[in-house]
Amino acid sequence: MDRILITSAIPYINGIKHLGNLVGSQLPADLFARYMRGRGHEVMFICATDEHGTPAELAAAKAGKPVDEFCAEMHEVQAEIAQGFRLSFDNFGRSSSPQNHALTQHFAGKLAENGYIREVVEEQVYSPTDGRFLPDRYIEGTCPNCGYDSARGDQCDNCTKQLDPTDLINPYSTESGATDLEVRETKHLHLRQSLMKDKLDAWINSKHDWPILTTSIAKKWLHDGDGLQDRGITRDLHWGVPVKKGTEDWPGMEGKVFYVWFDAPIEYIAATKELTDANGEDDVAWQRWWREDKGAEDVKYFQFMGKDNVPFHTLSFPSTIMGSGEPWKLVDYIKSFNYLNYDGGQFSTSRGRGVFMDQALEILPADYWRWWLLSHAPESSDSEFTWETFQADVNKDLADVLGNFVSRITKFCRSKFGEEVPASPEFAYQDSEQETQLIAELTLKIRVYEDNMAKMEVRKSAQELRAIWALGNEYLQAAAPWTNFKTNPALAAMQTRFALNLIRLYAVLSAPFIPDASEKMLSAMKTEDNSWPSDVSEALNTLLAGHAFEVPEVLFAKITDEDREIWQEKFSGTRD
RNA sequence: GGCGGUAUAGCUCAGUUGGUUAGAGCAGCGGAAUCAUAAUCCGCGUGUCCGGGGUUCAAAUCCCUGUACCGCCA
């Protein structure tokens, strides 16, 4: 039994995420976590909300709430939606937790001790009216280049020229409209990632089995231009982790907080501690996952994320870990994803384009989305969601191939033998060529499936699973128990018993993808035996003659053309 | 402008370290079956593997170059 640590990139707090976000991190991470649990491994699956930073403050202000209250509410909303998608986090934490405050300050202290922190005095735009320093994009004014009157401080949207906030004519705060902006000096901490460059480079180069997407992005940042740059890890904000050197004050840094990207990945660790603290366990309980000197030396750590998060996880966070000089667990494998597009364009949170997680659950059960998104996961390149393919794929795979298989055999059995597994003393499928051959084919495919799941080859796993489902239909078609029933009912009984056992087998194999349907299948077969089919022949002898079952409700209702047209129309615009 | 990714059948995509007539699912066409959510099963592909060069006995795969789309950065 292995110990598997899994983290999904943590979603930002300011709103509900769309399906592209979901398929890029949380959903494949959940697939992997469920699979590993199913195989009997000890799993710690962690996610959280990423709560600090200016966008959270602004979203709270817009909602007319104190930022801490806003975050607490949004955390609950996101947690509930995650539950709706059956994301099986062991803990869904909060980066604003006391545990994360302490750990973030601890790491900063260690980094300073080891010479990886530099204090830098910068000039930034301050707004007395807003009472804060303004990030570049929250300052607007007239573009000196083209005269556009709503140019942002970082770039003019009209002529695309890159700008400095001080270039703008008549600059004003986009928050308050204040024009009394001034440039002030402010001191910040920089993480000296540049000192870590060679170490990171060697580390990345040693990871031969990582996705090309992961390593190519990391290498680009390591070698592009002047190479890996130091990065500011503090901000002049109120909402965040106060800058401290461990538990000590940091002279000159009063009133400042750590920048979100610094404290967000540390939350992976903190969220684990949040869990064990809540359970009243001691520190060893979380340290055995994260400290190689406290029992984590044999932990295998997997991270899941979209490609936009790769630099932070391949460079910044490892810099934090390595620079601490303490034996924290470094990631062993980074699974990264491209983007899912929506109907010819991008999903966009800021523009409200596409289908958002809450809306998705309002129109269809989680399994539909899980199956489609995972079987189309953007692994090798960006992939595309269209309502037409979604409807066609889901109807075919879930309703026709799997759902109908369950339906046809349970109903057949009920009408011919009643709602219990039929007996046939004359026939055992160990002695029959057709069944023996199918067991061999299933075994082959299940081993391929296991291999793909272990390698986090998401699409290939889905493909193989579907092929395993199809074998059931092929078998029924060839065996034709409905024909045999007329001349040789005992043979038909054996075939029916075999096919009914396939339902349980499919439920176990499919659980990582479609947990709800899997649960329904097991409960229809009136069994709680969800043990992994290491021996397929044995697994198909689980439900014995006389075992009662019931014909389940239709597992997957089909998406009609009318449904599709309504949704297509409904989601064609943007959300406010 | 720099960097990266992608470009394979009508659609969505596989093609591992270069190696037999380039594959799968969907859609389409033909057939079988009638247990089932008109579901299932079987059969059917004349594809400039984006264009152009090159390396090689052999290239979708490696190198150069051009084009298109996407993204990141400045």
Side-chain angles (χ1 to χ4, degrees), chain A residues 20 154-155 160-164 208-209 211-229 306-312 336-341 344-348 372 375-417 448 451-452 455 457-467 469-486 492 495-496 499-500 503 551-560:
Chain A
D154 53 347
Q155 180 178 38
T160 73
K161 186 177 167 58
Q162 302 289 318
L163 300 170
D164 250 356
H208 304 290
D209 59 338
I212 294 170
L213 184 66
T214 305
T215 50
S216 69
I217 292 174
K219 286 178 183 170
K220 187 223 150 172
W221 282 68
L222 277 168
H223 302 298
D224 196 33
D226 299 328
L228 187 61
Q229 299 297 302
K307 59 184 168 188
D308 50 329
N309 268 314
V310 169
F312 300 120
S336 55
F337 291 87
N338 285 286
Y339 294 141
L340 178 69
N341 289 318
Q346 290 183 54
F347 272 90
S348 167
W372 193 89
S375 62
H376 292 76
E379 290 178 298
S380 57
S381 63
D382 291 355
S383 64
E384 169 111 353
F385 175 94
T386 67
W387 288 101
E388 283 85 358
T389 55
F390 175 69
Q391 176 196 22
D393 294 338
V394 158
N395 283 353
K396 191 72 185 170
D397 298 347
L398 297 181
D400 297 348
V401 176
L402 177 62
N404 184 53
F405 171 77
V406 172
S407 183
R408 68 194 293 203
I409 190 61
T410 50
K411 285 183 180 171
F412 174 76
C413 185
R414 180 174 62 184
S415 74
K416 306 299 187 214
F417 302 104
V448 173
D451 192 44
N452 284 326
K455 289 193 294 195
E457 292 278 4
V458 178
R459 297 175 88 122
K460 286 183 184 170
S461 299
Q463 216 168 49
E464 205 61 30
L465 180 58
R466 193 200 122 102
W469 295 340
L471 282 180
N473 284 313
E474 285 172 36
Y475 168 75
L476 283 185
Q477 209 66 28
W482 45 88
T483 306
N484 295 327
F485 183 76
K486 296 165 194 161
Q495 293 169 329
T496 303
L500 288 171
I503 295 176
V551 174
E553 297 286 305
V554 165
L555 284 181
F556 296 100
K558 290 204 196 196
I559 298 170
T560 65

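Labels below follow one simple rule: chain letters A, B, ... track the order of the sequence lines, proteins then strands, and each chain is numbered from 1.
Here Phe412(A) does not lie in a stacked arrangement on the base of C35(B), lacking the combination of planes under 30° and ring centres under 5.5 Å apart.
Using cut-offs of 30° and 60° on the angle between ring planes, the pair His376(A) and Trp372(A) is parallel.
Considering CG of Leu402(A) and CD1 of Ile503(A), their distance stands at 9.0 Å, rounded to 0.5 Å.
Counting only distance, with no hydrogens or angles, the side chain of Glu379(A) and the backbone of Phe337(A) share no donor-acceptor pair below 3.5 Å. Judged purely by atom type and a 3.5 angstrom limit, Asn395(A) uses its side chain to pair as donor or acceptor with the backbone of Ile559(A).
Nucleic acid contact for Lys460(A): sugar-phosphate only, since backbone atoms but no base atoms lie under 4.0 Å from a heavy atom of the residue. Using a 4.0 Å heavy-atom cutoff across all strands shown, Ile409(A) reaches no nucleic acid atom at all. Phe485(A) comes within 4.0 angstrom of nothing in the nucleic acid, heavy atoms only.
Closest-nucleotide positions on RNA chain B for Ala557(A) and Asn473(A) were compared, and the one nearer the 5' end corresponds to Ala557(A). Both Ala478(A) and Trp482(A) lie close to RNA chain B; mapped to their nearest nucleotides by heavy-atom distance, the more 5′-ward contact belongs to Trp482(A).
Listed nucleotides: U37(B), U12(B), U40(B). Nearest to the side chain of Lys411(A): U37(B). When the nucleotides C11(B), C41(B), U37(B) are ranked by their closest atom to the side chain of Lys558(A), U37(B) comes out on top. With C42(B), A32(B), U37(B) as the choices, the nucleotide that has an atom nearest any side-chain atom of Glu474(A) turns out to be C42(B). With distances taken from any side-chain atom of Asn404(A) to the nucleotides C41(B), U37(B), A39(B), the minimum falls on A39(B). Side-chain proximity of Arg459(A) to the nucleotides U40(B), U12(B), A36(B) is greatest for U12(B).
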* To do: For nucleotides 23-29 of chain B, just jot down a letter per nucleotide in 5' to 3' order: B, S or -, based on protein non-hydrogen atoms under 4.0 Å.
  => --SS---
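A36(B) atom P lies 16 Å from atom CG of Leu555(A), rounded to whole Å.
Under the 4.5 Å side-chain criterion, counting only non-hydrogen atoms from C-beta, Trp469(A) is not in contact with Phe405(A). At a threshold of 4.5 Å between non-hydrogen side-chain atoms, the residues Phe556(A) and Val394(A) do not count as touching. Residues Val554(A) and Ser407(A) are not in side-chain contact: their nearest non-hydrogen atoms beyond the backbone lie 4.5 Å or more apart.
Side-chain N/O atoms of Glu384(A) and base N/O atoms of U12(B) include no donor-acceptor pair closer than 3.5 Å.
In this structure, Lys307(A) is positioned above the aromatic face of Tyr339(A), its NZ or CZ under 6.0 Å from the six-membered ring centre and within 45° of the axis.
For the P atoms, the distance from U21(B) to A58(B) is 14 Å, rounded to whole Å. Atom P of A60(B) sits at a distance of 14 Å from the matching atom of U48(B), rounded to the whole Å.
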* Structure fact -> Here RNA chain B, pairs taken as Watson-Crick or G-U under 3.5 Å and shown with ( ), [ ] when crossing and | when to another strand, reads (((((((..((((.....[...)))).(((((.......))))).....(((((..]....)))))))))))).
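Looking only at atom types and distance, the side chain of Asn473(A) has a donor-acceptor partner in the side chain of Arg408(A) under 3.5 Å away.
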